J.: 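Once you've had a glance at the structure underneath, I'll fire off some questions.
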2 protein chains.
Amino acid sequence: MTAQRASVKDVALLAGVSVGTVSNVLNRPASVTEKTRTKVEQAMAELNFHRNASARQLRAGVSRTVGVIVMDVGNPYYTELARGIEDRLANDDHTLILCSSDEDPHREAQFLRLLAEQGVRGVLVTPIASTMQRLGELRRLGIPSVLMDSLSSQHTSVGVDHVSGGRQAITHLIAQGHRRILYLAGPTDLQQTRHRLRGAVEAVQAAGLDPADVLQVVNLPYVTANEGQRGLIEALDGPGPQPTAVFAMNDVVALGAMRELRVRGLSIPGDMAVVGYDDLYFAAELMTPLSSVRQPMRQLGWAAADLLLTDHPHTMFEPELIVRASSDLRRT
Amino acid sequence: MTAQRASVKDVALLAGVSVGTVSNVLNRPASVTEKTRTKVEQAMAELNFHRNASARQLRAGVSRTVGVIVMDVGNPYYTELARGIEDRLANDDHTLILCSSDEDPHREAQFLRLLAEQGVRGVLVTPIASTMQRLGELRRLGIPSVLMDSLSSQHTSVGVDHVSGGRQAITHLIAQGHRRILYLAGPTDLQQTRHRLRGAVEAVQAAGLDPADVLQVVNLPYVTANEGQRGLIEALDGPGPQPTAVFAMNDVVALGAMRELRVRGLSIPGDMAVVGYDDLYFAAELMTPLSSVRQPMRQLGWAAADLLLTDHPHTMFEPELIVRASSDLRRT
DNA sequence: GGGCGAGCATGAATCGATTCATCAGTTGGG
DNA sequence: CCCAACTGATGAATCGATTCATGCTCGCCC
């Protein structure tokens, strides 16, 4: 029933030993006699002792928390990533401070300042445009960082091969006979957008076709359902040949596109095939199950945390196309 | 270009003042001359000074981080909650340590120990069966806690009125003419399950009907799409009168149920109306837009954090039924 | 029995920010 | 011209865990 927190001193007093011994029980149990150890452990239990992480970290100079900044915690895609990180950290008794930048440089800067003050062991970030410079400042403070879901030769990073993802999606659509494909892309300053386009171009060329004929790109400022719908309208109502397939930046964008297709009474995949990205958990549950490129987010997070804690270098993962009815006539 | 972290001592040295003065600049700027203040601030900028949160907390005895334990970070419903918490904490320069219990008592215990060691300012929890006792231990360490999404007279808590949510859903379905309603519920040891049932019963009674005739309950061990589908199969293939409407524990369960309805070629809402819970962001985007009870998760999180930081007592929120095509013939 | 080394326990010093009693310097009034 | 009053700066002490040079004890061997 002690109202206050017990310290090593209290434990030492109760056990009748010195504070150094208590610390030894905690950190070098082998160097303490069986007898004293049990005595100390009893005292700790009796006082409900929890070591003070602040004091520990102040002395040791190294923290047991890791900062994570993702673009949007609301997106299941990123929480899956966070989950992978957490799993890895738990193995080493570390915790995770999770922040959501909302793609807002100001928010990101504020979080990085807080993390620096916390003296975190390291920072894991899904980068936005302004990120790199600020990470340099952290580095100068001795705080390492890892980029996630984005590759950089300047910086330790883990990522998924978006070129491969784009290639797989478009190869599949071409194999299904499509010769005019709409890419509902994100902003061009996102590496993901560019890499997937490159993969798409490669797939078209590999089939002996001309990318300029086959691919039509619409860049959306935000990757939301409404934008996806708007982008599709823009493409369908515009001049030029009509696409017969859509490759969407993610499943939410695909959702918006499919909504517009229904509005127009177009069948999926008969009139228009659709392939999404991320394979969110509801993709298979839609009226027309959605083909989607699955990314190993949990492994990615695991790898990012592992890279920080142990310096094991594994950096690039392969995505995998999951084919469902939305792009495969035989399945409908 | 100093490789190491600068401390107040370094700043004091460079600015030619004492450490006490530096601390005053940081914490009581009014009590320092304009001239010395700018001198110190320049030194801080030059050294890229960040105050060490560990030392600060060790001395002050109070932390600027808050622990949050939710049942599943993978569920958008909980991340929205976390987002609300984060928004409130950011106002007071606090950060959030987010943990996912996965409904596993062992994981939860481990996280609570870590949070105790961190000396967090407080803990916000979506409780599972084993939670309450452990929170008592924290309390004895002087760490306050707030229950979220669950009400308790024993404990400070914020919650949504699940009785009201259940009542709204069933009142709506009865108004649509349904007289045999299947409640695809969660485990009975979840407060949410029980409260929504109570609301459902009240709605039936308010309509002058007998709950035993109208309501059929299937308890699912897990609230997943597959379980939702299985629960519906169990109900449809079982003896007794067939339901004409389904009230699902959440939107994911509703998704599974709708999948089975499609398999059987039953129309929604013609043959079977469906109402979900949580109003997840894809609910409106499904082929048959899903009616769902919306919960103000972000506000709930905000309120929980506010309760911790300021002791403003606001505890209960109202959910709101969003009617869409899945339960309303006129909208199809 | 004396000497020696191994095995344990000790406690002062340390990390960095904060606090507060104390001191130095300035001003104004008598 | 002196003292009181006040403003602003000072630096030693503090928080709790860890470390390491030091000291103590015991057992063993010559």
Side-chain angles (χ1 to χ4, degrees), chain A residues 2 4-41 43-44 47-64 93 114 116-121 141-143, chain B residues 2 4-41 43-44 47-64 93 113-114 116-120 141-143:
Chain A
T2 43
Q4 267 315 329
R5 273 187 89 152
S7 72
V8 276
K9 207 187 292 180
D10 302 322
V11 173
L13 211 66
L14 180 61
V17 299
S18 74
V19 289
T21 302
V22 176
S23 180
N24 282 334
V25 170
L26 289 169
N27 302 299
R28 275 172 301 280
S31 79
V32 178
T33 328
E34 177 74 26
K35 193 158 57 100
T36 30
R37 191 178 348 137
T38 55
K39 211 168 45 176
V40 170
E41 279 165 353
M44 295 200 310
L47 293 172
N48 193 18
F49 171 77
H50 289 255
R51 69 226 282 196
N52 182 322
S54 295
R56 202 154 124 85
Q57 174 178 342
L58 175 58
R59 182 63 233 256
V62 33
S63 154
R64 309 192 137 260
D93 238 31
L114 276 168
E117 290 186 357
Q118 291 289 332
V120 291
R121 169 84 178 259
L141 293 174
I143 299 178
Chain B
T2 42
Q4 268 314 330
R5 275 185 87 151
S7 72
V8 276
K9 209 187 291 179
D10 302 322
V11 174
L13 211 66
L14 179 62
V17 299
S18 74
V19 290
T21 303
V22 176
S23 179
N24 282 335
V25 169
L26 289 168
N27 302 299
R28 274 173 301 278
S31 78
V32 179
T33 328
E34 176 73 27
K35 194 159 55 103
T36 28
R37 184 166 6 125
T38 55
K39 210 168 44 177
V40 170
E41 279 166 353
M44 295 199 310
L47 293 172
N48 193 17
F49 170 78
H50 288 256
R51 66 225 286 196
N52 181 322
S54 296
R56 205 154 122 83
Q57 174 178 341
L58 174 60
R59 183 65 235 256
V62 34
S63 154
R64 306 190 140 262
D93 238 31
R113 182 178 61 76
L114 275 169
E117 290 186 357
Q118 290 290 333
V120 291
L141 293 173
I143 299 177

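All values reported here derive from a predicted model rather than from experimental measurement. Every chain is numbered from 1 and lettered A, B, ... according to where its sequence line falls, protein lines coming before strand lines.
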J.: Establish, with yes or no, whether the OP1 or OP2 oxygen of C:dT19 is under 4.0 angstrom from a side-chain nitrogen or oxygen of B:Arg28.
T.: yes
J.: Reckon A:Ser23 has a side-chain N or O less than 4.0 Å from the OP1 or OP2 of D:dT18?
T.: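 Answer is yes, contact under 4.0 Å.
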J.: Looking at every non-hydrogen atom in both residues, tell me the closest pair between A:Ala55 and B:Leu58 and how far apart they are.
T.: CB-CD1, 3.8 Å
J.: How long is the span from the CZ atom in A:Arg5 to the CD atom in B:Glu117, to the nearest 0.5 Å?
T.: 8.0 Å
J.: In whole angstrom, what separates A:Asn24's CG from D:dT18's P?
T.: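 It works out to 10 Å between those atoms.
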J.: Would you indicate what A:Gly20 reaches in the nucleic acid, counting non-hydrogen atoms under 4.0 angstrom: base, sugar-phosphate, or nothing?
T.: base
J.: Output yes when at least one side-chain N/O atom of B:Asn27 is less than 4.0 Å from OP1 or OP2 of C:dT18, else no.
T.: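 Looking at the OP1 and OP2 atoms of C:dT18, one of them is under 4.0 Å from a side-chain N or O of B:Asn27.
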J.: So, is A:Thr33 near the phosphate of C:dA9, with a side-chain N or O under 4.0 Å from OP1 or OP2?
T.: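 Yes, within the criterion.
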J.: B:His50 has an atom NE2; how far is it from atom P of C:dC15, in whole Å?
T.: 21 Å
J.: With heavy atoms under 4.0 Å as the rule, sort A:Arg59 into base, sugar-phosphate or nothing.
T.: base
J.: Is A:Ser54 touching bases, backbone alone, or none of the nucleic acid, heavy atoms closer than 4.0 Å?
T.: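 Counting heavy atoms under 4.0 Å across all strands, no contact is made by A:Ser54.
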J.: What's the NZ-C1' distance between B:Lys39 and D:dA9, to the nearest Å?
T.: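 The answer, rounded to whole Å, is 10 Å.
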J.: Go through it in stages, so that I can follow the logic: the residues are A:Phe49 and A:Val8, the test is side chain to side chain contact (heavy atoms under 4.5 Å, CB included), and I'd like the CA-CA distance, side-chain angles, deciding distance and then a yes or no.
T.: CA-CA 8 Å; A:Phe49 171 77; A:Val8 276; 4.0 Å; yes
J.: Is A:Arg56 near enough to D:dT18 that one of its side-chain N or O atoms lies under 4.0 angstrom from OP1 or OP2?
T.: yes
J.: Think B:Ser18 has a side-chain N or O under 4.0 angstrom from the OP1 or OP2 of D:dG11?
T.: no
J.: Would you mind telling me which of C:dG16, C:dT18, D:dA17 lies closest to the side-chain atoms of A:Leu58?
T.: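 Nearest to the side-chain atoms of A:Leu58, counting from C-beta on, is C:dG16.
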J.: Rounded off to whole Å, could you give me the CZ-to-C1' distance for the B:Phe49 and C:dT18 pair?
T.: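 It works out to 11 Å between those atoms.
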J.: Determine the minimum heavy-atom distance between A:Arg51 and A:Asn27, stating which atoms define it.
T.: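 Smallest interatomic distance, heavy atoms only, reads NH2-OD1, 2.9 Å.
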J.: Can you tell me how far C1' of D:dG16 sits from CG of A:Leu13, to the nearest Å?
T.: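 After rounding, the gap between these two atoms is 15 Å.
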J.: Base, sugar-phosphate alone, or nothing: which one does B:Val22 contact when heavy atoms must sit under 4.0 Å apart?
T.: nothing
J.: Figure out the CD/P separation between A:Gln118 and C:dG16, and round it to whole Å.
T.: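 Distance check: A:Gln118 CD to C:dG16 P gives 16 Å.
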J.: Between B:Arg5 and C:dG16, is there a side-chain N or O to OP1/OP2 distance below 4.0 Å?
T.: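 Indeed not, no polar side-chain atom of B:Arg5 lies that close.
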J.: With respect to the side chain of B:Ala55, which nucleotide from C:dT18, C:dG16, D:dG16 is positioned closest?
T.: C:dG16
J.: Can you name the closest pair of heavy atoms from B:Gly119 and B:Ser63 and give their distance?
T.: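 Residues B:Gly119 and B:Ser63, closest heavy atoms: O-CB, 3.0 Å.
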J.: When the distance from CD of A:Glu117 to P of C:dC15 is rounded to whole Å, what number comes out?
T.: 21 Å
J.: For B:Thr21, which contact category applies under a 4.0 Å heavy-atom criterion: base, sugar-phosphate, or nothing?
T.: base
J.: Which heavy-atom pair separates A:Ile143 from A:Ala116 by the least distance, and what is that distance?
T.: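 Answer, listing the atom of A:Ile143 first, then A:Ala116: CD1-CA, 3.9 Å.
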J.: To the nearest Å, give me how far apart CE (B:Met44) and P (C:dG16) are.
T.: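 Those two atoms, CE and P, are 17 Å apart.
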